[in-house]
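Working notes, beginning with the structure itself.
Count residues from 1 along the sequence.
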Amino acid sequence: MNIAIAGAGLVGRVVALNLLRTNPDITITFFDKDSKEGVSAAGFTAAGMLAPYAELETAESVIFDLGHRSIELWPSLLKEIGLFDGYQKKGTVITAHPQDMGELEHFIGMLQRKVDAEGKIETLDSEKIQALESDLYTHQKGFYIPDEGLIDAQRFMAFSVNYFDRYENVSFREYTPVERIEAGKVYTKEGEEAFDWVFDTRGLGAKEYFEDLRGVRGEVLWVEANDIDISRPTRLMHPRYKLYIVPRGNGCEGIDLEYCKDCKLSQTTGYKRYIIGATEIESEDFSPISVRSSMELLSALYTVHPNFGEARVVNSETNCRPAFKNNLPRIENEAGLTRINGLYRHGYLLAPAIVEKALKEGLFQMSNGVMSNEEPTIEEMLV
């Protein structure tokens, strides 16, 4: 079978991994407007948090359910590409400044009302916080959600492209924007090409088809702080943003990408790096991080631990998340074509489960040219 995947970002790669596990001899052609390294994709900018509980504040329950399924699926996907240390499930700490403690209490109360949180959310006093994360000693109260974790997003993107390069039947059409997609057809400036099945995973690149697709700007900072040791994602309640501190260990050490030659991240062994983010701005502006956002992120970071005042800002990234009006993902299937889009700020949380669902509804259910779809849609799952 000859497959085209338009968009070589996070979702497109997860699609390809699933297809190759099902049939290693399948032929896959990636089309992307940029290089196969994927460094311009939202999936490369992301912190890779797997936080289904924390996202329930503003997300529908279907995000929670799909997120838990993705957490089950990620380990085998990472093992497939040889990224054995790219998955961490040590839980999430959620805390707040004293002036925002009321907002934190409201947030936890909302979580407990939305899901059966018995035993899933642990209240932390100062002593328990220090037992989990000794460098959060300035905080008097917080909460711990053990069933959450993270994916090393940058290394996933790098390891996956190296994995695909080992397959003679997988090719990349780099710097080849897709102008239009139809069932079994991909249109570029070079003309029309035919395939047995096409997957449209272009994110914002698919706006020519999805008229209600929009971009939501997000900005993150990378800091290096060797004298601070925070081992698990830490969320800080903030009036405007969902702020988090995500440990990245030794950063991107060992990644061999062209992009890395000009990256400001140190490759010195033993240094500790953290991703700080993320802003959420209704804009499709890809320009560098603003002064205002930098000040808000860094001010919040400094209050978490005073030694962050001496941390070094080694990188900043800006990208735009593809989202629909309801901020829910969308799957569209017809014979010869699957479209997946709108994962919003939940890319790594949702990608494996959404791809699994899309394949079950589409390609894997196709028999004798007739679509057999007994799976509920995302909207039906909300009922």
Inset, instruction - Apply side chain to side chain donor-acceptor pair (under 3.5 Å) to the pair Glu317 and Asn319, showing each step before the final yes or no. - result: CA-CA 7 Å; Glu317 294 283 347; Asn319 219 311; over 6 Å; no
Work out which heavy atom in [X] is nearest to a heavy atom in [Y]; give both atom names and the distance.
{"X": "His139", "Y": "Ala96", "result": "ND1-O, 3.6 Å"}
{"X": "Thr138", "Y": "Pro306", "result": "CG2-CD, 4.5 Å"}
{"X": "Leu104", "Y": "Gly142", "result": "CD2-CA, 4.5 Å"}
{"X": "Thr303", "Y": "Ala300", "result": "OG1-O, 2.7 Å"}
{"X": "Ser70", "Y": "Ala353", "result": "OG-N, 3.1 Å"}
{"X": "Ser35", "Y": "Tyr175", "result": "CB-OH, 3.2 Å"}

Kindly indicate whether the side chain of [X], heavy atoms from C-beta on, has any atom under 4.5 Å from the side chain of [Y].
{"X": "Ser40", "Y": "Lys33", "result": "yes"}
{"X": "Val223", "Y": "Leu301", "result": "yes"}
{"X": "Ile145", "Y": "Leu111", "result": "yes"}
{"X": "Asn18", "Y": "Thr22", "result": "no"}
{"X": "Ile28", "Y": "Ile5", "result": "yes"}
{"X": "Pro247", "Y": "Arg273", "result": "no"}
{"X": "Glu208", "Y": "Glu179", "result": "no"}
{"X": "Phe195", "Y": "Met1", "result": "no"}

Inset, instruction - Go through the steps for Leu150 and Tyr87 under the test side-chain contact (heavy atoms from CB on, under 4.5 Å), then give the verdict. - result: CA-CA 6 Å; Leu150 62 87; Tyr87 172 81; over 6 Å; no
If we ignore angles and hydrogens, is there a donor and acceptor under 3.5 Å between the side chains of [X] and [Y]?
{"X": "Glu332", "Y": "Tyr209", "value": "yes"}
{"X": "Thr201", "Y": "Arg339", "value": "no"}
{"X": "Ser231", "Y": "Glu133", "value": "yes"}

Check for a donor-acceptor pair, side chain of [X] on one end and backbone N or O of [Y] on the other, with a separation under 3.5 Å.
{"X": "Trp74", "Y": "Arg69", "value": "no"}
{"X": "Ser76", "Y": "Leu73", "value": "yes"}
{"X": "Asp196", "Y": "Asn2", "value": "yes"}
{"X": "Ser294", "Y": "Arg292", "value": "no"}
{"X": "Asp100", "Y": "Glu103", "value": "no"}
{"X": "Arg312", "Y": "Glu310", "value": "yes"}
{"X": "Gln154", "Y": "Ala46", "value": "yes"}
{"X": "Asn341", "Y": "Gly203", "value": "yes"}

Any salt bridge linking [X] with [Y]? Criterion: basic side-chain nitrogen under 4.0 Å from a carboxylate oxygen.
{"X": "Arg232", "Y": "Glu148", "value": "no"}
{"X": "Glu282", "Y": "Arg217", "value": "no"}
{"X": "Glu224", "Y": "Lys272", "value": "no"}
{"X": "Lys207", "Y": "Glu284", "value": "yes"}
{"X": "Asp165", "Y": "Lys36", "value": "yes"}
{"X": "Arg248", "Y": "Asp152", "value": "yes"}
{"X": "Asp32", "Y": "Arg173", "value": "no"}

Inset, instruction - Show your working on side chain to side chain donor-acceptor pair (under 3.5 Å) between Thr318 and Glu219 and close with a plain yes or no. - result: CA-CA 5 Å; Thr318 301; Glu219 303 152 302; 4.8 Å; no
Are [Y] and [X] an aromatic pair, judged by ring center distance below 6.0 Å?
{"X": "Phe308", "Y": "Tyr302", "answer": "no"}
{"X": "His346", "Y": "Phe64", "answer": "no"}
{"X": "Phe164", "Y": "Phe30", "answer": "yes"}

Give, for atom [atom1] of [X] and atom [atom2] of [Y], the distance between the pair rounded to the nearest 0.5 Å.
{"X": "Ile340", "Y": "Leu350", "atom1": "CD1", "atom2": "CG", "value": "11.5 Å"}
{"X": "Ser134", "Y": "His305", "atom1": "OG", "atom2": "NE2", "value": "8.0 Å"}
{"X": "Leu343", "Y": "Asn327", "atom1": "CG", "atom2": "CG", "value": "11.5 Å"}
{"X": "Thr338", "Y": "Asn333", "atom1": "OG1", "atom2": "CG", "value": "3.5 Å"}
{"X": "Ile26", "Y": "Leu19", "atom1": "CD1", "atom2": "CG", "value": "5.0 Å"}
{"X": "Leu124", "Y": "Glu122", "atom1": "CG", "atom2": "CD", "value": "5.5 Å"}

Inset, instruction - Please step through side-chain contact (heavy atoms from CB on, under 4.5 Å) for the pair Phe199 and Leu337, ending with a clear verdict. - result: CA-CA 6 Å; Phe199 289 88; Leu337 175 61; over 6 Å; no
Legend entry - Phe324 reachable from Ile181 in the ILVMFWY side-chain graph, under 4.5 Å edges: no
Legend entry - Pair Glu182-Tyr187, side chain to side chain donor-acceptor pair (under 3.5 Å): steps then yes or no: CA-CA 8 Å; Glu182 295 177 359; Tyr187 295 85; 3.2 Å; yes
Legend entry - Within 45° cone and under 6.0 Å: Arg235 NZ/CZ vs Tyr244 ring: no
Legend entry - Ring-face cation contact, Phe156 with Arg13, 6.0 Å cut, 45° max: no
Inset, instruction - Determine, step by step, whether Leu78 and Ile151 satisfy the side-chain contact (heavy atoms from CB on, under 4.5 Å) criterion, reporting the C-alpha distance in whole Å, the side-chain angles of both residues, the deciding distance to 0.1 Å, and the verdict. - result: CA-CA 9 Å; Leu78 296 175; Ile151 300 295; 3.8 Å; yes
Inset, instruction - Would you indicate whether Glu105, at its atom CD, is surrounded by more than 12 heavy atoms from other residues, nucleotides or ligands within a distance under 6.0 Å? - result: yes
Legend entry - CD/Gln99: more than 12 non-hydrogen atoms of other groups inside 6.0 Å: yes
Legend entry - Evaluation steps, side chain to side chain donor-acceptor pair (under 3.5 Å), between Asn169 and Thr27: CA-CA 5 Å; Asn169 49 310; Thr27 298; 5.4 Å; no
Inset, instruction - Run the numbers on Arg330 and Asp212 for salt bridge (Lys or Arg N to Asp or Glu O under 4.0 Å), then give the verdict. - result: CA-CA 11 Å; Arg330 187 178 300 174; Asp212 55 340; 2.8 Å; yes
Inset, instruction - Carefully, step by step, assess Glu37 and Met157 under the rule side-chain contact (heavy atoms from CB on, under 4.5 Å). - result: CA-CA 7 Å; Glu37 293 183 350; Met157 297 294 283; over 6 Å; no
